[in-house]
Amino acid sequence: VSRWWVVGWFVGVLYVFVEMLADSHWEHAWRYVGGAPWVLFALLAVVGAAGLAYFGRRRRLGWGIGLTLAVLTAPLLLGVLYFGALRVNAATASNATPTRYELRSDQRLYPLDSASKSPVLWLDGYLDYWATQKEGTQVDVPMVKGWLGFHQYDINSLRDRYRAYYQAR
């Protein structure tokens, strides 16, 4: 049991690192609108790690090894859930449709078409960039909503703007 658990752990670590490092090279670099559901992911990660520890104990894995693996597995499951939910939601969505957004005075991007049901975007990791933009600036941002029920946007559509801004600073 512990051998497969360790192998699975390393596969999970590899998956998370590939997602983190290769993200900008893929066609779509998905991000959560409004942030990831961290509380849900943390709960699922703890339950998953506890379940694995229980399963390991039933297979006569020692308490020390089982608890150590569970403690190492919970944060890994958090990362796997974060990236996995983005991939599953995007794969189960229809094609990414570019939504035209307009920057307003509160530094939020609002969809121009109110019938599109697209959410308002608050790109808090890039507020310094958006603070330099004129109110009324328009951008097209690909959005999807898959079976998991949350909206996500493709940051690749904005990456060239961000890169030019930060290189000019």
Side-chain angles (χ1 to χ4, degrees), residues 8-49 72-169:
W9 189 86
F10 278 107
V11 168
V13 168
L14 180 65
Y15 169 69
V16 169
F17 276 117
V18 166
E19 283 283 0
M20 288 171 48
L21 298 176
D23 182 57
S24 64
H25 301 291
W26 295 24
E27 180 181 357
H28 298 290
W30 298 113
R31 298 293 185 271
Y32 292 92
V33 172
W38 288 113
V39 172
L40 175 64
F41 289 165
L43 180 66
L44 291 172
V46 167
V47 168
L72 292 174
T73 300
L76 174 66
L77 286 176
L78 195 63
V80 169
L81 287 168
Y82 176 87
F83 291 113
L86 283 171
R87 295 288 168 210
V88 168
N89 196 56
T92 58
S94 58
N95 290 337
T97 56
T99 303
R100 174 138 324 241
Y101 279 90
E102 180 181 58
L103 181 65
R104 303 243 176 106
S105 61
D106 60 357
Q107 293 185 347
R108 295 178 195 264
L109 295 169
Y110 289 83
L112 283 180
D113 181 14
S114 59
S116 71
K117 297 183 181 178
S118 293
V120 173
L121 294 179
W122 172 252
L123 304 174
D124 57 349
Y126 301 95
L127 288 180
D128 53 337
Y129 168 79
W130 292 107
T132 64
Q133 303 305 303
K134 293 180 183 175
E135 185 177 341
T137 299
Q138 294 183 4
V139 294
D140 290 320
V141 181
M143 299 286 293
V144 295
K145 183 178 179 184
W147 289 353
L148 296 180
F150 57 85
H151 287 92
Q152 58 195 65
Y153 69 96
D154 183 10
I155 198 167
N156 279 343
S157 63
L158 303 170
R159 201 165 258 150
D160 289 337
R161 291 170 172 260
Y162 294 153
R163 188 173 291 124
Y165 170 75
Y166 289 112
Q167 286 176 349
R169 285 177 68 189

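From a predicted model like this one, the values you see are computed outputs, not experimental measurements.
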Side-chain heavy-atom pair Arg31, Asp23 within 4.5 angstrom cut-off: yes

Please list every donor-acceptor pair under 3.5 Å in which a side-chain atom of residues 83-90 meets a protein atom from a residue at least two apart or in another chain.
unit_1 : atom_1 : unit_2 : atom_2 : d
Arg87  : NE     : Glu19  : OE1    : 3.3
Arg87  : NE     : Glu19  : OE2    : 2.9
Arg87  : NH2    : Glu19  : OE1    : 2.9
Asn89  : OD1    : Gly146 : N      : 3.1
Asn89  : OD1    : Leu148 : N      : 3.1
Asn89  : ND2    : Phe150 : O      : 2.8
Asn89  : ND2    : Gln152 : OE1    : 2.8

Just to verify, what does Arg100 make a side-chain hydrogen bond (donor to acceptor under 3.5 Å, both in side chains) with, not counting sequence neighbours? Gln138, Asp140

Between Asp128 and Arg169, is there a salt bridge with N-O shorter than 4.0 Å? yes

Is any side-chain heavy atom of Leu109 less than 4.5 Å from a side-chain heavy atom of Val139? yes

With rounding to the nearest 0.5 angstrom, report the CD to CD distance, Gln133 to Gln107. 10.0 Å

Chi angles and distances behind the side chain to side chain contact (heavy atoms under 4.5 Å, CB included) call for Thr137, Arg161: CA-CA 12 Å; Thr137 299; Arg161 291 170 172 260; 4.2 Å; yes

Does Asp154 come within less than 4.0 Å of Arg159, counting only side-chain N to carboxylate O? no

Criterion side chain to side chain contact (heavy atoms under 4.5 Å, CB included) on Tyr101 and Leu103, from CA distance to verdict: CA-CA 7 Å; Tyr101 279 90; Leu103 181 65; over 6 Å; no

For the pair Ser157 (side chain) and Val141 (backbone), establish whether a donor and an acceptor sit closer than 3.5 Å, ignoring hydrogens and angles. no

To the nearest 0.5 Å, what is the distance between NE2 (His25) and CG (Asn156)? 10.0 Å

Value rounded to 0.5 Å, distance of CZ in Phe10 from CG in Leu76: 10.5 Å

Measuring from atom OH of Tyr32 to atom OH of Tyr82, what distance do you get when rounded to the nearest 0.5 angstrom? 6.0 Å

Side-chain donor-acceptor contact under 3.5 Å, Trp130 with Tyr162: yes

Can the ring centres of Tyr129 and Tyr166 be said to be less than 6.0 Å apart? no

Ion pair Arg104/Asp106, N-O distance below 4.0 Å: no

For the pair Trp30 and His28, name the ring-plane relationship: parallel under 30°, tilted 30 to 60°, perpendicular over 60°. parallel

More than 12 foreign heavy atoms under 6.0 Å from CZ of Phe17: is that the case here? no

Listing, residues 117-126 side-chain donor-acceptor contacts under 3.5 Å, not counting sequence neighbours, or none:
unit_1 : atom_1 : unit_2 : atom_2 : d
Ser118 : OG     : Thr99  : OG1    : 3.4
Ser118 : OG     : Ser116 : OG     : 3.4

